[in-house]
Trainee: 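Below is one structure. I have some questions about it.
As the structure is a prediction and not an experimental result, all values here were calculated from the model.
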Amino acid sequence: MTTAIDKAFYDEQGYIIIPNLIPPQTFEALEEACERVIAKTRSGSWPHRRTVGRQFPPFDDSNPDSWGVQHLMHPDLDEPAFTEWYTSDALINVATNLLQCSEDELQMELSNLLINPLEHDFALRWHRDDVRENATAEEEVVALALWTHGVQWNTALYEDSCLYLVPKTHSFPRTELQRAQSMTQAPPANPLDMPGAIQVTLQPGETVIYNNNILHCGAYNSKQRRATLHGCMGDIRGGSTRAKNVLQHGLLWMTEDRFRDRLNERGKRMPSGSHRYEEWCSRRSRIFASELDVGKVFLSIEVKLKDVFEQKIGHVCDVPVPLQSE
């Protein structure tokens, strides 16, 4: 079944809610897989988690309570239901429609799970994923004009009202009132105090897809059961522009054969963000090697100059060695 997508609404508002991205025959398998990985995370047997008290990577073990599970498609978790859904017809159809790209241009990126903490209510501050909170209005205009070639989603297995966002702020700089409430590192006491904010409520099986540069925050209720698939998918035409947000989560395991070998045929055709990272590292290594060669030439010239000065004027003249820096 192909889901109808209102791309004009998404482009204007910065988000869209789509029903039924989880086929009925897949829902139970995903729910059971989520229960297993949540249990592993809370017991400590799965270390890759989002820690209460920390909003962004790197996460640590400073708090035993968790608000998320990282790397659902990791081979060590051995839960194929997550990979099957990530490469499903429904999700791929939405991604290609919103990104206006072909399936062959899609890039595999994040697949995580947002859960309720057990001991503490927890909230995230107002933010955009790829724009600094202290950016000037002029800097915001420049940053928001950059097309990031990706889609990000929350897909709820249970009713979920944790996400708050401000429609259209993916396209326009913040007002002064919005800026005042999003410059702080502290989460809001009441997210609806933000001018223009709305609360997004998802029913089981519903998905909100949103531009990650829309102004948004989250509020986690420890008493409300939550299991919401949170991920993103990119377009290879974005090149390295996808790297900053995606690779901070640590995805080198996606380059391993034991991960690629478990994928279905569609998954095997999709490059991963980590492969793009490897290509970037390779280019940087080649550049650095050539810079070292240039440095050696300068060092050789310097040594020869010192020899000449010693012979001519009887002492070593201090000639500065050129240093290479990034």
Side-chain angles (χ1 to χ4, degrees), residues 7 9-17 50 53-59 67-68 70 95 98-99 107 109-110 112 114 122-155 160-200 202 207-220 228 230-235 238-249 251 273:
K7 185 176 183 301
F9 181 92
Y10 173 78
D11 290 342
E12 179 188 11
Q13 299 293 322
Y15 77 99
I16 188 171
I17 295 176
R50 298 188 176 200
R54 294 189 65 88
Q55 177 159 340
F56 301 113
F59 300 104
W67 60 277
Q70 300 284 85
L98 293 180
L99 291 172
Q107 174 173 284
E109 296 180 348
L110 301 181
N112 302 318
L114 305 179
F122 178 61
L124 307 177
R125 66 177 176 84
W126 283 104
H127 65 284
R128 292 177 169 124
D129 288 355
D130 200 27
V131 183
R132 293 179 293 107
E133 69 276 1
N134 59 352
T136 66
E138 292 75 16
E139 289 171 335
E140 286 186 54
V141 170
V142 173
L144 295 176
L146 297 176
W147 175 236
T148 57
H149 293 279
V151 290
Q152 181 165 295
W153 62 82
N154 289 359
T155 299
D160 186 334
S161 300
C162 295
L163 179 66
Y164 296 80
L165 53 80
V166 183
K168 301 185 179 182
T169 50
H170 66 300
S171 297
F172 301 103
R174 294 165 293 178
T175 66
E176 288 305 313
L177 289 176
Q178 290 170 343
R179 178 179 297 276
Q181 294 197 37
S182 57
M183 289 280 286
T184 175
Q185 294 296 312
N190 179 3
L192 291 175
D193 287 341
M194 170 66 75
I198 63 171
Q199 183 177 20
V200 176
L202 300 175
T207 297
V208 57
I209 296 184
Y210 56 100
N211 186 306
N212 67 346
N213 276 336
I214 201 169
L215 198 59
H216 63 285
C217 72
Y220 290 60
T228 294
H230 175 66
C232 61
M233 192 176 295
D235 171 355
S240 62
T241 62
R242 298 294 303 159
K244 183 167 61 175
N245 283 322
V246 172
L247 296 177
Q248 64 178 324
H249 291 265
L251 298 181

Trainee: What's the spacing between Tyr210 OH and Ile16 CD1 if we round to 0.5 Å?
Mentor: 15.0 Å

Trainee: Dump the intermediate steps for side-chain contact (heavy atoms from CB on, under 4.5 Å) on Arg128 and Arg174, then the final yes or no.
Mentor: CA-CA 11 Å; Arg128 292 177 169 124; Arg174 294 165 293 178; 3.9 Å; yes

Trainee: Is there side-chain contact between Val208 and Leu202, with at least one heavy-atom pair below 4.5 Å?
Mentor: yes

Trainee: Give me the atom names and distance for the closest heavy-atom approach of Lys7 to Leu98.
Mentor: CE-O, 3.3 Å

Trainee: Any side-chain heavy atom of Leu99 within less than 4.5 Å of one from Val151?
Mentor: yes

Trainee: Is a side-chain N or O of Gln181 found less than 3.5 angstrom from the main chain of Gln178, in a donor-acceptor match?
Mentor: no

Trainee: Are any side-chain N or O atoms of Thr169 and backbone N or O atoms of Leu215, one a donor and one an acceptor, separated by less than 3.5 Å?
Mentor: yes

Trainee: Measure the spacing between CG of Asp235 and CD of Gln107 and express it to the nearest 0.5 Å.
Mentor: 8.5 Å

Trainee: Nearest 0.5 Å please: distance from the NE2 atom of His127 over to the OG1 atom of Thr184.
Mentor: 14.0 Å

Trainee: Could you pull out the closest heavy-atom pair between Phe59 and Gln70, with the gap in Å?
Mentor: CE1-NE2, 3.9 Å

Trainee: Check the side chains of Asn154 and His230 for a donor-acceptor pair under 3.5 angstrom, ignoring hydrogens and angles.
Mentor: yes

Trainee: Go through it in stages, so that I can follow the logic: the residues are Val200 and His216, the test is side-chain contact (heavy atoms from CB on, under 4.5 Å), and I'd like the CA-CA distance, side-chain angles, deciding distance and then a yes or no.
Mentor: CA-CA 10 Å; Val200 176; His216 63 285; over 6 Å; no

Trainee: Among Trp153, Phe9, Tyr164, Tyr10, which one satisfies ring-ring contact (aromatic ring centres under 6.0 Å, His included) with Tyr15?
Mentor: Phe9

Trainee: What are the two closest non-hydrogen atoms of Asn134 and Glu139, and how far apart are they?
Mentor: O-OE1, 4.4 Å

Trainee: So Trp67 and Phe122, would you call those rings parallel, tilted or perpendicular, with 30° and 60° as cut-offs?
Mentor: tilted

Trainee: What's the spacing between Ile209 CD1 and Cys232 SG if we round to 0.5 Å?
Mentor: 11.5 Å

Trainee: Where do Glu140 and Arg132 land on the side-chain contact (heavy atoms from CB on, under 4.5 Å) test, with the steps shown first?
Mentor: CA-CA 8 Å; Glu140 286 186 54; Arg132 293 179 293 107; over 6 Å; no

Trainee: Output all residues satisfying side chain to side chain contact (heavy atoms under 4.5 Å, CB included) with His170, sequence neighbours left out; order by chain, then residue number.
Mentor: Asn211, Ile214

Trainee: First locate atom OG of Ser171, then atom CG of Leu144, and finally report the distance between them rounded to the nearest 0.5 Å.
Mentor: 7.5 Å

Trainee: Test side-chain contact (heavy atoms from CB on, under 4.5 Å) on Val141 and Glu138 and set out the steps.
Mentor: CA-CA 5 Å; Val141 170; Glu138 292 75 16; 5.8 Å; no

Trainee: So, for Leu163 and Cys217, which heavy atoms are closest and what is the spacing to 0.1 Å?
Mentor: CD1-O, 3.6 Å

Trainee: If I take atom CG from residue Leu165 and atom CD from residue Gln199, how far apart are they, to the nearest 0.5 angstrom?
Mentor: 10.5 Å

Trainee: Side chains of residues 185-195: which donor-acceptor partners sit under 3.5 Å, not counting sequence neighbours?
Mentor:
unit_1: Gln185; atom_1: OE1; unit_2: Arg125; atom_2: NE; d: 3.3
unit_1: Gln185; atom_1: NE2; unit_2: Glu133; atom_2: OE2; d: 2.9
unit_1: Asn190; atom_1: OD1; unit_2: Leu192; atom_2: N; d: 3.1

